[in-house]
Amino acid sequence: MKLSTRSQYGVRFMLALARNYGQGYVYLKDIARGEGMSEKYLSQITISLKGVGLINASRGARGGYALARQPAEINIKEIVDALEGDTCLVDCVKDANACPRVPICASRDIWVFLGGKIDETLSSFNLEQLVRLNQEKAEATLAHNI
């Protein structure tokens with residue numbers, strides 16, 4: 001399984017919002033520039049994130065984007081689900097009627113198990129944890145470069 005650029009950028013976008021949580025709205029252009037991403041591409045991502053209630057948007061001079069909930073309340077699975085849709089590894093996991101071999105297929109059990117582990121892992125990380133990890137990595141990099 002490979003996550004799309006959409007999910008990768010979406011998580012980075014949400015992390016940028018989490019780093020600024022409580023400081024008001026952030027301009028999309030500032031996040032795009034800071035993260036080295038296309039503003040136009042990010043604007044498409046925001047539509048999905050806003051649609052599922054993960055972010056708020058405001059227009060005007062003090063407008064921009066902000067998290068709709070506290071960073072600790074938003075897990076990575078929510079972000080990936082909003083941007084990827086169904087993250088099912090193979091069709092027969094989601095729809096047992098997709099294959100006549102489902103009742104006897106041992107490999108399907110592996111896909112079910114693996115999909116569950118992926119969901120479990122993505123659910124176990126929230127934006128607050130990512131902010132902390134990001135800060136630790138930045139500090140470690142700074143200390144290493146001194």
Side-chain angles (χ1 to χ4, degrees), residues 1-99 102 107-146:
M1 182 179 139
K2 182 177 178 182
L3 291 178
S4 69
T5 303
R6 186 173 165 84
S7 285
Q8 294 173 48
Y9 280 22
V11 170
R12 286 173 50 199
F13 171 75
M14 294 293 284
L15 175 58
L17 292 180
R19 284 192 306 259
N20 289 287
Y21 184 75
Q23 300 174 27
Y25 288 86
V26 182
Y27 292 120
L28 191 63
K29 68 179 179 179
D30 293 338
I31 293 174
R33 187 179 16 203
E35 292 294 323
M37 295 186 268
S38 160
E39 184 178 350
K40 184 175 180 179
Y41 192 58
L42 270 185
S43 70
Q44 295 172 357
I45 290 171
T46 62
I47 295 168
S48 297
L49 296 171
K50 188 172 182 289
V52 297
L54 291 176
I55 61 172
N56 293 322
S58 177
R59 293 179 184 251
R62 296 180 186 251
Y65 293 89
L67 295 179
R69 303 190 316 253
Q70 294 180 12
E73 296 174 355
I74 300 173
N75 68 53
I76 306 310
K77 183 177 182 330
E78 290 180 89
I79 301 167
V80 172
D81 284 350
L83 298 171
E84 294 289 337
D86 190 7
T87 57
C88 190
L89 295 174
V90 291
D91 292 337
C92 66
V93 170
K94 181 175 71 173
D95 179 13
N97 295 323
C99 177
V102 165
S107 62
R108 181 178 184 269
D109 295 341
I110 294 169
W111 310 136
V112 169
F113 178 81
L114 182 57
K117 290 297 182 183
I118 290 170
D119 287 349
E120 180 184 319
T121 301
L122 292 175
S123 295
S124 72
F125 287 95
N126 64 50
L127 288 174
E128 183 177 76
Q129 291 168 312
L130 283 188
V131 168
R132 269 197 314 271
L133 182 59
N134 187 247
Q135 289 170 339
E136 290 169 8
K137 286 179 166 281
E139 290 168 5
T141 300
L142 182 62
H144 179 61
N145 290 333
I146 291 179

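Rounded to the nearest 0.5 angstrom, I74 CD1 and L127 CG are separated by 5.5 Å. Atom NZ of K2 is separated from atom OG of S7 by 12.0 Å, given to the nearest 0.5 angstrom. Atom CG of L54 is separated from atom CG of N75 by 9.0 Å, given to the nearest 0.5 angstrom. The distance from the CZ atom of R12 to the CG atom of L130 is 12.5 Å, given to the nearest 0.5 Å. Between the CD atom in E78 and the CZ atom in R69 there is a gap of 4.5 Å [rounded to 0.5 Å]. How far CD1 of I31 is from CG of N20: 7.0 Å, rounded to the nearest 0.5 Å.
Between Y65 and the options L28, L42, N56, a side-chain contact (heavy atoms from CB on, under 4.5 Å) holds for only L28. The side-chain contact (heavy atoms from CB on, under 4.5 Å) with Y21 is formed by just one residue from the set L67, V26, V131; it is L67.
The two residues V102 and C92 make their nearest non-hydrogen contact at CG2-CB, 3.9 Å. Across all non-hydrogen atoms, the minimal contact from A66 to G24 is CB-O, 4.2 Å. When every heavy atom of L49 is checked against every heavy atom of A82, the shortest pair comes out as CD2-CB, 4.2 Å. Residues S48 and L83 share a closest heavy-atom pair of CB-CD2, 3.8 Å. Closest heavy-atom contact between V93 and C88: CB-SG, 3.5 Å.
Enclosure of atom CG in D30 by more than 12 non-hydrogen atoms of other residues, nucleotides or ligands within 6.0 angstrom is indicated.
Within the structure, every pair that satisfies the salt bridge (Lys or Arg N to Asp or Glu O under 4.0 Å) test and touches residues 123-137, not counting sequence neighbours, is listed here: E128-R132. Screening residues 109-140 for ring pair (Phe, Tyr, Trp, His ring centres under 6.0 Å) gives no qualifying pairs among residues at least two apart or on separate chains.
Between the side chain of S124 and the backbone N or O of T121 there is at least one donor-acceptor pair closer than 3.5 Å. A donor-acceptor pair is defined here as one N or O able to donate and one able to accept, closer than 3.5 Å; no such pair exists between the side chain of Y9 and the backbone of S4.
Partners of R108 by side-chain hydrogen bond (donor to acceptor under 3.5 Å, both in side chains), not counting sequence neighbours: none found.
No side-chain heavy atom of I76 sits less than 4.5 Å from a side-chain heavy atom of M14. With a 4.5 Å cut-off on side-chain heavy atoms, K50 and T46 do not count as touching.
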